[in-house]
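Worksheet for the structure shown next.
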Amino acid sequence: MTKRVKNQRTWFPELSTRDEANAMNGAELLIKTAAAGGIDICFTNPGTTELPLVEAFDKIKGFRPVLGLFEGCCSGAADGYARMAGKPAMTLFHLGPGLGNAIANLHNAERAGSPVLNIIGDHATWHRDADAPLTMDIEALSKTVSDWTRTSTSIETLPHDIARAMAVANKGSIATLIVPQDVQWAETSQENISKINHEPVQVDMDFVQHVAKHLRNSKKAVIILGGSALRGNGLRAAARIMEKTHCNLLSETFPAHMERGVSLPAIDRIPYAPSFASEILSRYDCIVLAGAKEPVAFFGYQDEPSRLLSAEQKVIRLSSDKDNLQESLKRLADFLGAPPYAKFQIKLSGSSLRPHLPAGALGPKKASAVIAALQPENAIVVDESITSGAGYYNMTATVPLFSLLTLTGGAIGQGMPCAVGAAIACPDRAVINFQADGSAMYTVQSLWMQARESLNITTLICANQRYKILEKELARTGNRTPGAYTKALMNLGNPVIDWVSLSKGMGVPAVSVQTAEELAHHLGFALREPGPCLIEMKL
Ligand SMILES: Cc1ncc(C[n+]2csc(CCOP(=O)(O)OP(=O)(O)O)c2C)c(N)n1
Ligand SMILES: [Mg+2]
């Protein structure tokens, strides 16, 4: 048989002298390296250029590929998974168009500090010059959301590139590795699998002492908590610091994963509205950022400042590393000589107390109260309720312990797929997705994933049939009467979205409710039964 070679590509390899036990291709090497580094799940929507990787899933044990019917569902699921599992998931997308579809939720993941390993298939290196229809500048796209981007152009560099990508992802960042199809096909051997070591960065005691000095010397200080500082250990350490120094505690406005409930200190979130936020922040002369960014206005409004802090306020950062945030807070508490948490726990939080179940026609407040009244201990609440859940947070300070996941990057369409990832990461916990209707329509295919993977998710749709937040934002800008187009562009009621049919059509049982009693009845049932369910709340 003749061998046809073009640009070093072997179409028909010569009779193999390969060591069968040891041989594999680039795709298998990639999946094996990821598995060896602790990744065991991949959210994917593959195409032709990813088929060697798809086949590799069948050869490598212990790796679970999950199909999403839109890439934004996969990236949102990877974010939800990372927030709950505390480790990266892999995603696998089809060239630039696939990555493009994933970007909004990769942006949310990046803002959440979620680690994600993106693998993007590309045309074979020798096919790029042909400018075939799917050809795009994938690196340029990737750089908008990734902390690290590389194209692996040969099988020789692939092992190192994967190892590097994993090291970046393990540090809580987004790493994107683009792998052309010929590199996936190329032969290599098991010996090339790299070991990935993840060494946490040690706490910098200079930082800690510097912060302690400012906390002691300030008139009134606040610690703004974000990232892992909002998890139990971080909150407990922060409460000790508060007890010792009389500083206050605030949470960033949109936490990626906050643990909340009866046994933890209840802290306020910085309000979304900039006027309220700056009024609250103006009370402090010293602001310590513990895993949070400096607070700024969500949008620029005419005649209002972008920054919520003034130049006179001292701003200091506790740690530059996401990894050791909780430990940094603990060391700070110890250094200050703060009492142990157990001593004043009772004072900080009483016994479990929930709102009473309301009655009558449903509105946003009653819907929030029913959820807070019924959510089980250890629930994961994915909150993309936008305007409808405005009252929910304040109702949950003393409910049984739960995890709250919010929209970190403002790119809507995050809630449903985030719930998918969270449910896969924590199969023993009930997931409640408190979900605005307009936002839900961006990634509604997530319901199909929920049914296919039998996930324990109850989706509560806030069916107000409009983009209510845009109406509110418009009202802020003055008393102008909205014109016909303006009204139409915020109205989802024509035609009305039939949530029950949509959900059933993707395999998720669904019901529609109009009263608080009906909601309580169906939510109670949904939480007792395994598997997904959707409740449309007519608000
Ligand atoms: C990806 C993306 N597209 C568009 C927007 C602009 N936007 C912000 S909120 C919103 C509407 C939200 O409506 P809904 O989810 O129904 O919540 P409601 O305001 O009704 O509570 C839109 C279109 C956005 N933030 N992100
Ligand atoms: Mg709406």
Side-chain angles (χ1 to χ4, degrees), residues 69-70 72-73 76 101 103-105 107-108 254 271-274 297-302 360-371 382-392 406-407 409-419 433-448 458-506 508 510-516 518-519 522 534-539:
L69 301 186
F70 173 67
C73 297
N101 281 345
I103 276 191
N105 273 330
H107 163 78
N108 288 321
F254 295 110
Y272 168 79
F298 202 87
F299 293 108
Y301 297 100
Q302 284 179 38
L362 261 187
K365 270 214 180 103
K366 285 185 194 171
S368 300
V370 173
I371 301 168
V382 180
D383 182 357
E384 194 183 26
S385 56
I386 312 287
T387 58
S388 298
Y392 170 76
T406 75
L407 177 60
I412 60 175
Q414 171 264 359
M416 282 192 157
C418 185
N433 175 203
F434 191 7
Q435 183 59 55
D437 53 357
S439 303
M441 287 302 288
Y442 287 64
T443 43
V444 69
Q445 304 92 325
S446 305
L447 290 172
W448 183 85
T458 303
T459 303
L460 299 167
I461 296 289
C462 310
N464 60 12
Q465 297 173 11
R466 66 181 89 161
Y467 287 161
K468 191 169 174 186
I469 193 160
L470 298 191
E471 295 175 356
K472 288 185 161 213
E473 288 279 350
L474 191 71
R476 284 173 54 97
T477 61
N479 274 335
R480 294 193 299 273
T481 316
Y485 281 138
T486 306
K487 278 192 201 154
L489 288 174
M490 297 173 191
N491 178 358
L492 309 182
N494 180 25
V496 170
I497 296 164
D498 181 346
W499 281 101
V500 173
S501 298
L502 260 185
S503 184
K504 286 184 177 168
M506 282 182 272
V508 174
V511 67
S512 182
V513 300
Q514 305 203 15
T515 66
E518 285 173 320
L519 175 60
H522 288 290
L534 180 142
I535 302 173
E536 177 194 37
M537 305 186 296
K538 295 254 190 215
L539 299 181

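Heavy-atom basis, side chains included; hydrogens, waters and symmetry copies ignored.
- Note that OG of Ser388 and CD1 of Ile371 are 9.5 Å apart. Values are rounded to the nearest 0.5 Å.
- Interatomic distance, Lys538 NZ to Cys462 SG, rounded to the nearest 0.5 Å: 13.0 Å.
- The shortest distance between side-chain heavy atoms of Asn105 and Gln414 falls below 4.5 Å.
- Residue Ser501 holds its OG atom at 9.5 Å from CD of Glu536, rounded to the nearest 0.5 Å.
- Considering only heavy atoms from C-beta on, Ile412 comes within 4.5 Å of Glu384 through its side chain.
- Closest non-hydrogen pair, Gly410 versus Phe298, comes out as CA-CZ, 3.9 Å.
- Distance check, rounded to the nearest 0.5 Å: NZ of Lys366 to CG of Leu539 gives 11.5 Å.
- Minimum interatomic distance between Ala104 and Ala411 (heavy atoms only, all atoms of both residues): O-CB, 3.7 Å.
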Sequence neighbours excluded and cut-off under 3.5 Å, please list the side-chain donor-acceptor pairs for residues 486-495, or say none.
| from | atom 1 | to | atom 2 | distance (Å) |
| --- | --- | --- | --- | --- |
| Asn491 | OD1 | Gly493 | N | 2.6 |

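- Interatomic distance, Phe434 CZ to Thr458 OG1, rounded to the nearest 0.5 Å: 13.5 Å.
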Determine whether Ile461 and Gln435 satisfy the following criterion, side chain to side chain contact (heavy atoms under 4.5 Å, CB included), listing intermediate values before the conclusion. CA-CA 5 Å; Ile461 296 289; Gln435 183 59 55; 4.0 Å; yes

Start with the C-alpha gap between Thr459 and Val508, add the side-chain angles, then the distance that decides, and say whether side chain to side chain contact (heavy atoms under 4.5 Å, CB included) holds. CA-CA 10 Å; Thr459 303; Val508 174; over 6 Å; no

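- Judged by distance alone, with hydrogens and angles left aside, the side-chain atoms of Asn108 form a donor-acceptor pair with the main-chain N or O of Gly409 at under 3.5 Å.
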Please tabulate, for side-chain N and O atoms in residues 437-445, each donor-acceptor pair with protein atoms closer than 3.5 Å (sequence neighbours left out).
| from | atom 1 | to | atom 2 | distance (Å) |
| --- | --- | --- | --- | --- |
| Asp437 | OD2 | Asn464 | N | 3.2 |
| Asp437 | OD2 | Gln465 | N | 2.7 |
| Thr443 | OG1 | Gly413 | O | 2.8 |

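- One finds the OG atom of Ser446 at 8.5 Å from the CE atom of Met506 (value rounded to the nearest 0.5 Å).
- Between Tyr467 and Glu473 the shortest side-chain heavy-atom distance does not fall below 4.5 Å.
- Looking at heavy atoms from C-beta onward, Ile386 lies out of side-chain contact with Lys468 at the 4.5 angstrom threshold.
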Side chain to side chain contact (heavy atoms under 4.5 Å, CB included) evaluation trace for Met416 with Asn433: CA-CA 7 Å; Met416 282 192 157; Asn433 175 203; 3.5 Å; yes

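- Evaluation of the ring pair (Phe, Tyr, Trp, His ring centres under 6.0 Å) rule for Tyr301 yields no partner, not counting sequence neighbours.
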